[in-house]
Amino acid sequence: MDLRINTLSIVVLLILAACSQSPGEGEPVMEPYLVPYKVSKDLESIKEDGVLHAITIYSSTSYFLYKGMPMGFEYELLSRLAAHLDLELKITIAEDIDELFDMLNNGEGDLIAYGLTITEPRKQLVSFTENHYVTHQALVQRMPDNWRSLPGYKIDKEVISNTLELEDDTVWVRENSSYSQRLQNLQDEIGADIPIKRIDGNVPTDEIIRMVVEGEIDRTVADYNIAAINKTYYPILHIDTRISFSQRIAWAVRQNSPELLRAINQWIAEEKKSDDYYVIYNKYFKNTKSFRGRIQSDLYSKNGNKISLYDEIIKANAPKIGWDWRFLSSQVYQESRFDPQATSWVGASGLIQLMPATAKEVGVSNSFNPKQNVSGGVKYLGKMRNYFEAVEDSIQQVKFTLAAFNCGAGHVFDAMRLAEKHGKDPNVWDQNVEEYMLKLADKKYYHDEVVRNGFMRGAEPYHYVRDIFLRYEHYKKFIEM
């Protein structure tokens with residue numbers, strides 16, 4: 001809920017202040033002033049590119065990694081929105097909320113997908129979507145030390161339970177945030193001074209709340225739903241002192257993207273008619289058991305640099321094939337979700353899902369042994385890669401290798417021959433061979449004379465390759481090399 005007050009913002013607000021004055025008699029009514037964005041890109045251009053570029057913040061509710069899976073309220077909704085618009089989703093993480101607006105202006109994203117409080121100054125800079133939810137701002141403070149043994153009325157005497165009591169009591173909030181703005185307005189309302197100490201804009205709300213818990217600061221302000229979910233893990237928090245009326249929380253687009261705004265608003269309206277929308281909200285803001293489980297886990301990206309319990313095994317084997325260990329982790333997740341006891345309906349087993357014949361071929365005696373399984377899987381990947389030495393581009397070669405690992409090299413060769421026969425490049429996976437991989441489920445194509453291995457559900461290797469690469473992009477954002 002932050003906003004950098006930069007030169008652009010000041011100029012815009014000054015112009016708007018002048019324009020908002022009631023025109024005198026005979027004076028023309030001025031048109032609304034549009035922010036001079038550095039890019040002009042609306043839905044049509046986005047669809048031509050085929051990619052929805054969204055900007056968000058790495059936080060415990062918006063976008064994070066847990067047990068190898070990207071998660072978050074914003075992430076899940078963005079995934080649904082991109083699918084609805086038939087677009088690929090690419091997410092860029094802003095350093096802090098201040099940066100969101102600059103990145104949108106610079107064209108680094110087409111949509112701010114983060115819980116922004118709708119305020120009048122911000123409405124002059126962006127176009128807000130329909131709100132996702134309504135909340136209010138709450139004072140976040142610690143209970144007294146012996147709070148568990150105190151009745152409620154005594155707790156109320158020990159904490160600030162009325163905004164009038166904030167006079168001369170310091171509150172710590174992010175600089176240029178809607179929280180800071182609210183406190184300034186509150187001073188006028190109660191006719192008293194509230195000392196405000198400002199925290200750097202790159203410190204997320206959940207981290208500031210943790211500072212309250214640990215006694216680094218005495219109190220802060222947060223949206224109630226964020227404060228409430230944090231209280232489930234930190235019961236010492238007192239969050240019942242309300243300091244604002246209800247406020248709408250929404251996403252935002254550039255003001256020169258009216259078609260994108262219209263499409264998102266239509267989508268939100270439809271989503272809110274479904275149970276799934278509220279299930280997603282509850283998952284991140286009300287499911288206390290799930291939140292506590294994440295916060296306590298070593299596999300929660302905010303707690304460390306781990307993807308799975310098998311990171312060390314994967315790190316030891318990734319160099320054997322020259323891959324980033326995070327990429328190999330993405331493949332292992334795709335195969336088994338890091339379950340070493342996983343067994344597929346066709347008999348593949350272990351972390352990287354080796355078939356019995358394959359396991360024997362690469363010297364694996366026990367597929368349920370993580371070290372043996374991953375080591376054998378990497379050996380088999382190397383064998384698959386050798387089939388595609390003619391593919392010069394290293395990324396394309398990896399894609400062929402993954403596809404062959406998934407469905408067998410013979411089916412990949414069939415798709416390559418079909419691609420070449422139909423004028424496509426047989427050594428390029430993207431938009432060439434992958435298209436003919438899909439066609440191997442069509443009788444017209446799997447009966448073609450160049451196809452030697454028959455029918456194949458080509459959608460499986462097609463999505464297998466794509467999903468591994470997409471997940472890897474998430475891993476790179478959260479996990480250091």
Side-chain angles (χ1 to χ4, degrees), residues 65 68-70 90 301 304-338 340 348-355 357-364 367 369-413 415-416 419 425-434 437 460-481:
L65 193 70
M69 183 168 60
K90 288 196 175 178
S301 54
N305 204 50
K306 296 186 72 172
I307 297 175
S308 77
L309 296 175
Y310 308 98
D311 286 358
E312 296 309 312
I313 294 173
I314 293 170
K315 286 177 182 178
N317 283 278
K320 298 175 184 177
I321 196 170
W323 287 3
D324 181 337
W325 75 274
R326 297 169 298 182
F327 185 82
L328 182 57
S329 293
S330 181
Q331 185 191 7
V332 174
Y333 179 93
Q334 186 76 19
E335 291 287 355
S336 67
R337 295 201 170 196
F338 301 118
S349 59
L351 283 175
I352 208 165
Q353 291 289 278
L354 297 176
M355 293 292 289
T358 303
K360 184 177 180 180
E361 179 184 338
V362 294
V364 173
S367 273
N369 179 295
K371 287 185 179 180
Q372 285 192 39
N373 187 275
V374 175
S375 177
V378 167
K379 286 180 184 178
Y380 191 67
L381 282 166
K383 179 179 179 179
M384 293 300 100
R385 183 174 61 183
N386 291 339
Y387 287 126
F388 306 103
E389 291 180 344
V391 178
E392 296 180 358
D393 183 273
S394 60
I395 300 299
Q396 296 300 308
Q397 188 183 68
V398 170
K399 292 183 177 184
F400 279 101
T401 301
L402 288 174
F405 185 95
N406 176 257
C407 69
H411 291 299
V412 179
F413 295 150
M416 293 171 75
D425 191 332
N427 291 322
V428 175
W429 177 263
D430 296 333
Q431 298 178 339
N432 284 265
V433 175
E434 67 175 354
M437 201 83 230
E460 292 181 16
Y462 174 88
H463 289 293
Y464 181 83
V465 173
R466 289 197 165 206
D467 289 348
I468 291 170
F469 270 85
L470 287 172
R471 189 178 303 104
Y472 174 53
E473 290 302 313
H474 294 295
Y475 286 4
K476 287 194 294 183
K477 290 179 175 70
F478 299 116
I479 306 297
E480 295 178 2
M481 181 64 179

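In what follows, residues are counted from 1 in the order of the sequence shown.
Within the 4.5 Å cutoff, the side chain of Tyr310 has no heavy atoms near those of the Val332 side chain. By the 4.5 Å heavy-atom criterion applied to side chains, Lys399 and Glu434 are not counted as neighbours. Side chains of Val391 and Trp429 form no contact here, defined as non-hydrogen atoms less than 4.5 Å apart. Side-chain contact between Lys306 and Ser301 is absent, with no heavy atoms from C-beta onward closer than 4.5 Å. At least one side-chain heavy atom of Ile395 sits under 4.5 Å from a side-chain heavy atom of Phe469.
With ring centers used as reference points, Tyr333 lies 6.0 Å or more from Tyr475. Aromatic pair Phe388/Phe413: ring centres closer than 6.0 Å.
The side-chain contact (heavy atoms from CB on, under 4.5 Å) with Phe405 is formed by just one residue from the set Val412, Thr358, Leu381; it is Leu381. A side-chain contact (heavy atoms from CB on, under 4.5 Å) with Gln331 is found for exactly one of Ile314, Ile352, Val398, namely Ile352. Checking Asp430, Asn427, Thr401, Asp425 one by one against Gln396, the side chain to side chain donor-acceptor pair (under 3.5 Å) holds for a single residue, Asp430.
Without hydrogens or angle criteria, Asp311 side chain to Ser308 main chain gives a donor-acceptor distance under 3.5 Å. In this structure, the side chain of Asn373 engages the main chain of Ser349 through a donor-acceptor pair within 3.5 Å. Between the side chain of Ser330 and the main chain of Ile468, a donor-acceptor pair closer than 3.5 Å is present. Side-chain atoms of Ser329 come within 3.5 Å of backbone N or O of Trp325 as a donor-acceptor pair. Formation of a donor-acceptor pair under 3.5 Å by the Asn305 side chain with backbone atoms of Ile479 is not found in this model. Listed for the Asn432 side chain is no donor-acceptor partner under 3.5 Å among the backbone atoms of Pro426.
Residues Ile321 and Gly382 approach most closely at CD1-N, 3.9 Å, considering heavy atoms. Residues Gly376 and Val364 share a closest heavy-atom pair of CA-CG2, 3.7 Å. Considering every non-hydrogen atom in both His411 and Met437, the closest pair reads O-CE, 3.7 Å. Minimum interatomic distance between Ala348 and Gln353 (heavy atoms only, all atoms of both residues): O-OE1, 3.3 Å. Residues Pro319 and Lys315 share a closest heavy-atom pair of CD-O, 3.0 Å.
Atoms CE and OG, from Met355 and Ser367 in turn, are 10.5 Å apart once rounded to the nearest 0.5 Å. A distance of 10.5 Å separates CD in Glu312 from NZ in Lys371, rounded to the nearest 0.5 Å. In this structure, the separation between CG on Leu402 and CZ on Arg466 is 13.5 Å, given to the nearest 0.5 Å. Of the inter-residue distances, the one linking Leu328 atom CG with Leu351 atom CG reads 10.0 Å to the nearest 0.5 angstrom.
Counting only residues at least two apart or on different chains, the salt bridge (Lys or Arg N to Asp or Glu O under 4.0 Å) pairs with a member in residues 322-338 are Asp324-Arg326. Sequence neighbours left out, the pairs with a member in residues 373-398 that pass salt bridge (Lys or Arg N to Asp or Glu O under 4.0 Å) are Glu361-Lys383.
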For this session: Take Val428 and Val433, measure what side chain to side chain contact (heavy atoms under 4.5 Å, CB included) needs, and give me the verdict at the end.
Result: CA-CA 6 Å; Val428 175; Val433 175; over 6 Å; no

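Counting non-hydrogen atoms of neighbouring residues, nucleotides and ligands closer than 6.0 angstrom, the NZ atom of Lys360 reaches no more than 12 such neighbours.
At a cut-off of 3.5 Å, with distance as the only test, no side-chain donor of Asn406 or Glu460 sits close to an acceptor on the other residue.
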